[in-house]
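Every chain is numbered from 1 and lettered A, B, ... according to where its sequence line falls, protein lines coming before strand lines.
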Number of protein chains: 2
Amino acid sequence: MNDLEGLEPEQINRISKARERVIDSIGKNMDLYGITLSIGHLYGYMYFNEGPVTLDELSRTMGMSKTSMSTGVRTLLDLKMIDKVWGKGTRKDLFEVVPDWHQNFSDYFSIKWRKAVEGNMIALTKSLTEIRDMQAEYAENAEILRLLLNDEEKIMEAIKYYRWLLKLIEALETGKIFELIPKET
Amino acid sequence: MNDLEGLEPEQINRISKARERVIDSIGKNMDLYGITLSIGHLYGYMYFNEGPVTLDELSRTMGMSKTSMSTGVRTLLDLKMIDKVWGKGTRKDLFEVVPDWHQNFSDYFSIKWRKAVEGNMIALTKSLTEIRDMQAEYAENAEILRLLLNDEEKIMEAIKYYRWLLKLIEALETGKIFELIPKET
DNA sequence: TTTAGTGTACAGTTTTAACTTTACGTACTT
DNA sequence: AAGTACGTAAAGTTAAAACTGTACACTAAA
């Protein structure tokens with residue numbers, strides 16, 4: 001339910017303005033999370049609204065189709081930025097934001113970057129063994145060997161980087177990052 | 001210059017295959033950096049090639065227009081993933097990858113996230129003062145006051161998060177992150 | 001079983017972004 | 001001064017995505 005309903009128009013206007021500045025700003029930078037502007041707006045609205053909302057309310061407030069709300073909400077669910085919650089007395093699904101942005105940030109990395117890193121690692125190690133096989137095979141061909149050693153070196157560097165990145169991701173997942181870089185009190 | 005030129009077709013094929021697996025994998029996950037698949041490929045090729053390359057070489061190798069190479073290269077330059085280098089004897093621009101991926105990662109955050117965080121911070125503080133002004137103004141209206149306190153709380157939480165995020169970004173920029181989470185030796 | 005309410009898959013449309021072709025400005029060569 | 005090589009801006013085209021409307025499956029109530 002829209003929490004501004006029932007106020008004077010002028011009051012609604014002033015509060016909305018303050019909120020919308022923030023909502024716009026959040027939405028605009030949501031592309032860093034791979035999220036479209038309109039879904040960013042969606043999230044911003046949910047962030048300020050007191051209590052959970054339904055797809056129909058979102059559709060009405062955002063002036064967009066219910067289908068778009070459905071897919072948008074699902075994207076935000078996948079990123080663990082919102083939760084589906086139970087509301088007795090209604091058959092509609094209810095959604096509300098997960099208010100802990102530190103957690104959102106960590107989850108995002110866990111979800112997106114870990115997958116990418118692990119995928120790249122597989123490709124790197126596979127190619128590394130191939131390169132090394134060829135090194136043995138072309139051991140007497142100096143020209144090729146130089147190339148192969150160079151490739152090996154580069155792949156090794158990449159692997160080192162990804163191992164470091166995995167440690168960073170792990171620190172985010174376990175919350176150890178907040179020992180290293182403390183939150184505000 | 002393509003570093004595989006002059007080899008036997010079969011040798012080129014084998015080395016290329018090992019490289020391409022990695023290049024594909026890198027390119028595929030470059031969207032995390034907000035980079036398109038083809039620019040990711042571009043980067044991957046440059047990563048393995050020995051020595052800097054020109055726009056014409058890239059165009060030929062990638063099978064894409066020179067204009068696309070120009071814009072692609074500029075994107076990578078903006079993200080500090082490649083450098084423009086001097087080559088005597090040629091009037092063409094030469095480009096090569098910055099091989100330190102730890103640095104790439106740090107730069108990316110510095111460039112993209114810092115800008116977003118600072119933008120959001122401005123919006124948040126601006127709206128925060130507005131909300132607080134209204135709190136003083138509507139001090140005797142309990143219903144509105146409750147709403148305003150709620151909004152204030154949420155904005156404060158967001159500001160706290162962004163301050164933490166700035167510390168993380170700073171740790172990346174200064175390299176302090178590598179004391180907290182050490183690189184491989 | 002029917003009926004109404006709800007979320008989503010699907011197909012179609014519109015908007016956006018990627019890419020290409022052409023053309024131009026600048027700088028080097030002769 | 002004239003010609004050539006180079007990188008990029010501009011306009012046009014093609015491919016991708018965001019978004020909508022409709023239809024359908026599922027559930028709960030009557």
Original post:
Which pair of non-hydrogen atoms, one from Arg21(B) and one from Ser127(A), has the smallest distance, and what is that distance?
Top reply: NH1-OG, 2.8 Å
Original post:
Which whole-number value in Å describes the distance from Leu55(A) CG to dG5(C) P?
Top reply: 16 Å
Original post:
Roughly how many Å is it from CG in Leu58(B) to P in dG7(D), rounded to a whole number?
Top reply: 10 Å
Original post:
What pair of heavy atoms forms the shortest contact from Ile111(A) to Asp78(A), and how long is it?
Top reply: CD1-O, 3.3 Å
Original post:
When you match Leu37(A) and Lys92(B) each to their closest nucleotide on DNA chain D, which lands nearer the 5' end?
Top reply: Lys92(B)
Original post:
Quick one: Met62(A) CE to dC19(D) P, roughly how many Å, whole number?
Top reply: 12 Å
**OP:** Give the minimum heavy-atom separation between Asn104(A) and Val98(A), together with the two atoms involved.
**Re:** OD1-O, 3.5 Å
Original post:
Parallel, tilted or perpendicular: which fits the ring planes of Tyr161(A) and Trp101(B), with parallel below 30° and perpendicular above 60°?
Top reply: perpendicular
Original post:
Rounded to whole angstroms, how far apart are CH2 on Trp86(B) and P on dC6(D)?
Top reply: 13 Å
Original post:
What nucleotide among dA28(D), dC19(D), dA5(D) has an atom nearest to a side-chain atom of Arg91(A)?
Top reply: dA28(D)
Subject >> Whole angstrom value for the distance that separates P of dG5(C) from CD of Glu57(A) >> reply: 17 Å
**OP:** Please list residues of residues 63-71 of chain B whose heavy atoms come under 4.0 Å from any atom in DNA chain C, ordered by number; otherwise none.
**Re:** Met64(B), Ser65(B), Thr67(B), Ser68(B)
Original post:
What's the CZ-C1' distance between Arg60(B) and dT20(C), to the nearest Å?
Top reply: 19 Å
Subject >> Phosphate-side-chain proximity, Ser38(A) and dC19(D), N/O vs OP1/OP2 below 4.0 Å >> reply: yes
**OP:** Answer yes if the ring centres of Trp113(B) and Tyr33(A) are under 6.0 angstrom apart, and no otherwise.
**Re:** yes
Subject >> Whole angstrom value for the distance that separates C1' of dC28(C) from CG of Asp93(B) >> reply: 14 Å
Original post:
CG of Asp31(A) versus C1' of dA18(D): gap in Å, rounded?
Top reply: 15 Å
**OP:** Mind listing the closest non-hydrogen atom pair of Leu58(B) and Tyr45(B) along with its distance?
**Re:** CD2-CD2, 3.7 Å
Subject >> Residues which pass side-chain hydrogen bond (donor to acceptor under 3.5 Å, both in side chains) with Glu143(A), listed by chain and number, not counting sequence neighbours >> reply: none
